[in-house]
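Working notes, structure below.
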Amino acid sequence: MGQDVLYETNHGVATITLNRPKRRNALSNETIRLLSEALDTAENDPNISSAILTGAGPIFCSGAELGSADPREMVAGIDAYAALIEKMQTIALPLVAKIKGPAMGGGIGLVLACDLAVASEEATFTTPEIKVGMFPMMIMALIFRHMGRKKGMELVFSGEPLSASQALEAGWLNRCVPSDTVDDEADALAQRFTRFSTKIVGLGKKAYFKTADLPFSEAVQALKNELIALMQTEDSKEGIRAFIEKRPPKWTGK
């Protein structure tokens, strides 16, 4: 992908690494572009079943890079970041965040935009924008979909961190583990998807985000239609045949 974002694959899992440890893995406009390209590469590779997003060094991501005073560059970065977190929600692949250290501001947005998340016990989650005359505007769309109003308001108004155990309790994480087991736990979550049809997993994820904010009756009707469409896929038909014939299914991704 480039020096600032690393991309590697292993046994059906793509690992995308923010690789700017000297800049605390801050999100420059170029880094956001490279992250988006990496997601496209993973999604378009038929051999990839899931992707892990992580950061090199002791900090997962410190959020937006504030090095430019050019308003046009700042607006371009805001637009690109908004498009990135939307893409993370709509990409067909399951995304697993692997957090070994602090996640701040826009870094929290990356964590919450992933489908699953594993963090070390030393990780922290902070929205420090209020302290520099900013506010975590875009990531509030994710924060308040993951935690209640009172706790969310305390987080964004105080700029004080959540611990990893608090983030786990709030539903931000699937696992909170000792630092020496983070890699294994994240890999185990991501590797689960190599056993399943990428077509079915992708349709299931997209159906969730299509209906998550609909009223109940509308969601049921929309999901009924999604199920009917899913049952027409080759992998759904193969899965049912394999179950009846008592054999492992052979997925084709179709």
Side-chain angles (χ1 to χ4, degrees), residues 1-65 67 73 76-119 123 138-139 141-142 173-174 182-183 185-194 196 198-199 201-203 205-206 209 253:
M1 290 299 107
Q3 214 173 3
D4 290 350
V5 172
L6 304 180
Y7 182 90
E8 58 184 333
T9 63
N10 184 42
H11 298 297
V13 177
T15 298
I16 301 167
T17 305
L18 289 165
N19 189 42
R20 307 183 73 210
K22 292 182 179 179
R23 299 290 297 169
R24 309 202 307 170
N25 292 327
L27 296 171
S28 66
N29 290 11
E30 176 66 3
T31 304
I32 293 170
R33 183 185 69 80
L34 292 171
L35 280 174
S36 183
E37 284 187 3
L39 291 172
D40 288 339
T41 299
E43 185 176 31
N44 292 325
D45 186 340
N47 297 311
I48 295 300
S49 300
S50 62
I52 294 171
L53 176 62
T54 192
I59 293 177
F60 173 77
C61 177
S62 61
E65 187 164 61
E73 282 193 29
I78 290 169
D79 285 342
Y81 180 79
L84 175 65
I85 58 176
E86 285 193 43
K87 174 178 285 191
M88 292 173 70
Q89 305 277 277
T90 58
I91 189 174
L93 289 177
L95 302 178
V96 180
K98 181 170 68 175
I99 310 107
K100 295 184 177 182
M104 294 167 266
I108 288 178
L110 297 183
V111 172
L112 297 182
C114 286
D115 305 296
L116 303 167
V118 177
M138 283 185 291
I139 66 171
L142 291 161
L173 305 174
N174 298 87
V182 173
D183 289 331
E185 290 285 347
D187 289 344
L189 274 180
Q191 284 289 338
R192 285 183 182 183
F193 296 100
T194 62
F196 308 133
T198 55
K199 180 71 173 180
V201 170
L203 288 173
K205 176 176 173 176
K206 289 189 173 185
F209 283 107

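All of these numbers come straight from a predicted model, not from anything done at the bench. For this chain, numbers begin at 1 and follow the sequence in order.
Inter-residue side-chain proximity for I108 and L142 is flagged as unmet; no heavy-atom pair is nearer than 4.5 Å. Residues V118 and L173 form no side-chain contact, since every pair of their non-hydrogen atoms from C-beta on lies 4.5 Å or further apart. By the 4.5 Å heavy-atom criterion applied to side chains, L6 and I16 are not counted as neighbours. Side-chain contact between I59 and M104 is present, with heavy atoms from C-beta onward closer than 4.5 Å. Inter-residue side-chain proximity for L27 and L35 is flagged as met; some heavy-atom pair is nearer than 4.5 Å. Annotation: side chain of I48 is not in contact with side chain of V13 (no heavy-atom distance under 4.5 Å). Here the side chains of I52 and D187 are in contact, with some heavy-atom distance below 4.5 Å. The closest side-chain heavy-atom distance from L84 to L39 is below 4.5 Å.
Here the straight-line distance linking atom CD of Q3 with atom OG1 of T31 works out to 11.0 Å at 0.5 Å rounding.
The shortest non-hydrogen separation linking R20 to A26 is NH1-O, 2.8 Å. Between A123 and G101, the closest heavy-atom pair is CB-O, 3.6 Å. Scanning all heavy atoms of the two residues, the minimum distance from C61 to L18 falls at CB-CD1, 3.8 Å. When all heavy atoms of Y81 and L110 are compared, the pair lying nearest together is OH-N, 3.8 Å.
Remark: the backbone N or O of T41 is not paired with any side-chain donor or acceptor of D45 at under 3.5 angstrom. Using a distance-only test at 3.5 Å, with no hydrogens or angles considered, no donor-acceptor pair links the side chain of S28 to the main chain of E65.
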- request: Check step by step if side-chain hydrogen bond (donor to acceptor under 3.5 Å, both in side chains) holds for K87 and S36.
  value: CA-CA 8 Å; K87 174 178 285 191; S36 183; 2.6 Å; yes
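Other residues, nucleotides and ligands contribute more than 12 heavy atoms inside 6.0 Å of the NZ atom of K205.
A salt bridge does not link R23 with D4: every distance from a Lys NZ or Arg NE/NH1/NH2 to an Asp or Glu carboxylate oxygen is 4.0 Å or more. Of the charged side-chain nitrogens involved, none lies within less than 4.0 Å of a carboxylate oxygen, so that E185 and K98 do not count as a salt-bridged pair.
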